[in-house]
Amino acid sequence: VQLQASGGGLVQAGGSLRLSCAFSGQTFSTYTMGWFRQAPGKEREFVATMARPGATTRYGESVRGRFTISRDNAENTVFLQMNSLEPEDTAVYYCAAKKFVWTLDPSLYDYWGQGTQVTVSS
C-alpha cells in the first residue's frame, strides 16, 4: 500500500484547507482510513478516522465540529476538510490505513503517508 498526502499549506486563522490522501496498492474499500497530526515536540495525535464506505466516523476532541473526514471510493482517496483553523492546528498531518479494523490508535495502523505540513498563522 502507498499513501500520498497533499493539500497542506499556510493559512490564516479562521481559514480552511482540504487535505487529500491518495491510496494505491490494495483494495481501498477494505481499509479504515485515519488522519493524525504531530506538532513539534508533541506526540502524534488522533484527528479523524473513517471505516469502510458508509461507516462510522470519529473525531479528536480538539477538531470535532470543525473538521470533516470523507472518502471517495471511486478515486481511492480520503479527504480531511478543515474549517475554522486555529494556530493550535499547526502540525504535520499524516494519513494512515488499517485493514478491516476500525481504530483510533495510531500504533495499530499498517501504512502511513509522508505527511503534509499545515501552518495556521494568527
Side-chain angles (χ1 to χ4, degrees):
V1 170
Q2 291 189 325
L3 302 174
Q4 182 68 42
S6 61
L10 174 64
V11 63
Q12 289 188 331
S16 298
L17 281 174
R18 188 192 197 203
L19 305 184
S20 301
C21 177
F23 175 105
S24 63
Q26 293 195 19
T27 304
F28 181 58
S29 61
T30 63
Y31 280 80
T32 288
M33 299 300 297
W35 286 98
F36 298 83
R37 67 186 183 185
Q38 190 164 18
K42 295 188 177 181
E43 292 188 354
R44 192 161 294 190
E45 176 188 10
F46 165 72
V47 175
T49 185
M50 186 174 190
R52 296 181 299 280
T56 305
T57 57
R58 186 71 62 86
Y59 297 93
E61 185 173 347
S62 62
V63 306
R64 194 173 299 130
R66 300 187 296 122
F67 290 11
T68 303
I69 187 171
S70 62
R71 55 193 294 167
D72 183 334
N73 293 304
E75 300 210 356
N76 291 354
T77 302
V78 60
F79 303 99
L80 185 68
Q81 178 66 43
M82 306 186 295
N83 298 329
S84 302
L85 282 161
E86 304 167 353
E88 293 74 21
D89 295 317
T90 296
V92 177
Y93 284 70
Y94 299 90
C95 59
K98 172 66 181 174
K99 193 170 180 66
F100 293 134
V101 175
W102 184 58
T103 179
L104 280 63
D105 184 348
S107 70
L108 298 180
Y109 277 75
D110 301 313
Y111 304 99
W112 291 83
Q114 84 287 3
T116 184
Q117 176 70 46
V118 172
T119 303
V120 184
S121 62
S122 57

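This structure is a prediction, so every number in the text was calculated from the model and none was measured. Here, residue 1 is the first one in the sequence, and each next residue gets the next number. Side chains included, hydrogens not; waters and symmetry mates left out as well; all remaining heavy atoms used.
Considering every non-hydrogen atom in both A96 and F36, the closest pair reads CB-CE1, 4.1 Å. For the residue pair Q38 and K42, the shortest heavy atom distance occurs at NE2-O, 3.1 Å. Of all non-hydrogen atoms in A91 and A39, the two that sit nearest each other are CB-N, 3.8 Å. Taking every heavy atom of both residues into account, S84 and D89 meet most closely at O-OD2, 4.4 Å.
Among residue pairs with one or both ends in residues 12-36, none qualify as salt bridge (Lys or Arg N to Asp or Glu O under 4.0 Å); sequence neighbours excluded.
For the atom pair CD of Q81 and CZ of F79, the computed distance is 10.5 Å after rounding to the nearest 0.5 Å. To the nearest 0.5 Å, the span separating CG on L3 from OG1 on T77 amounts to 10.5 Å. Summarising the geometry, atom CD belonging to E86 is positioned 12.0 Å from atom OG belonging to S122; distances are rounded to the nearest 0.5 Å. Atom CG of residue L108 and atom NZ of residue K98 lie 6.0 Å apart, to the nearest 0.5 angstrom. Atom CH2 of residue W35 and atom CE of residue M50 lie 13.5 Å apart, to the nearest 0.5 angstrom.
Following chains of ILVMFWY side-chain contacts shorter than 4.5 Å, one can reach I69 starting from V63, so the two form part of one hydrophobic cluster. One hydrophobic cluster, built from ILVMFWY side chains closer than 4.5 Å, holds both F67 and V11. With hydrophobic clusters built from ILVMFWY side chains whose heavy atoms lie under 4.5 angstrom apart, M33 shares a cluster with V1. Residues W112 and L80 fall into different hydrophobic clusters, defined by Ile, Leu, Val, Met, Phe, Trp and Tyr side chains chained together at heavy-atom separations under 4.5 Å.
Every residue two or more places apart in sequence or in another chain that forms a side chain to side chain contact (heavy atoms under 4.5 Å, CB included) with V118 is listed here: L17, L19, M82, Y93, V120.
In this structure, N83 and S16 have side chains that are in contact, with non-hydrogen atoms separated by less than 4.5 Å. Between R66 and Y59, every side-chain heavy-atom pair lies at or beyond the 4.5 Å cut-off. Residues Q117 and L10 have side chains not in contact (no heavy-atom distance under 4.5 Å, counting atoms from C-beta outward).
The backbone N or O of E45 sits nowhere less than 3.5 Å from a side-chain atom of R37 that would complete a donor-acceptor pair. For the pair R71 (side chain) and A51 (backbone), a donor-acceptor distance under 3.5 Å is present.
With a 6.0 Å radius and a threshold of 12 heavy atoms from other residues, nucleotides or ligands, Q2 has its CD atom at or below the threshold. Enclosure of atom CD in E75 is not indicated, since only 12 or fewer non-hydrogen atoms of other residues, nucleotides or ligands lie within 6.0 angstrom.
No option in T57, T103, V78, L104 other than L104 meets the side-chain contact (heavy atoms from CB on, under 4.5 Å) test with T49. Here the options are Y109, F23, W102, the test is ring-ring contact (aromatic ring centres under 6.0 Å, His included), and the partner is Y31; only F23 passes.
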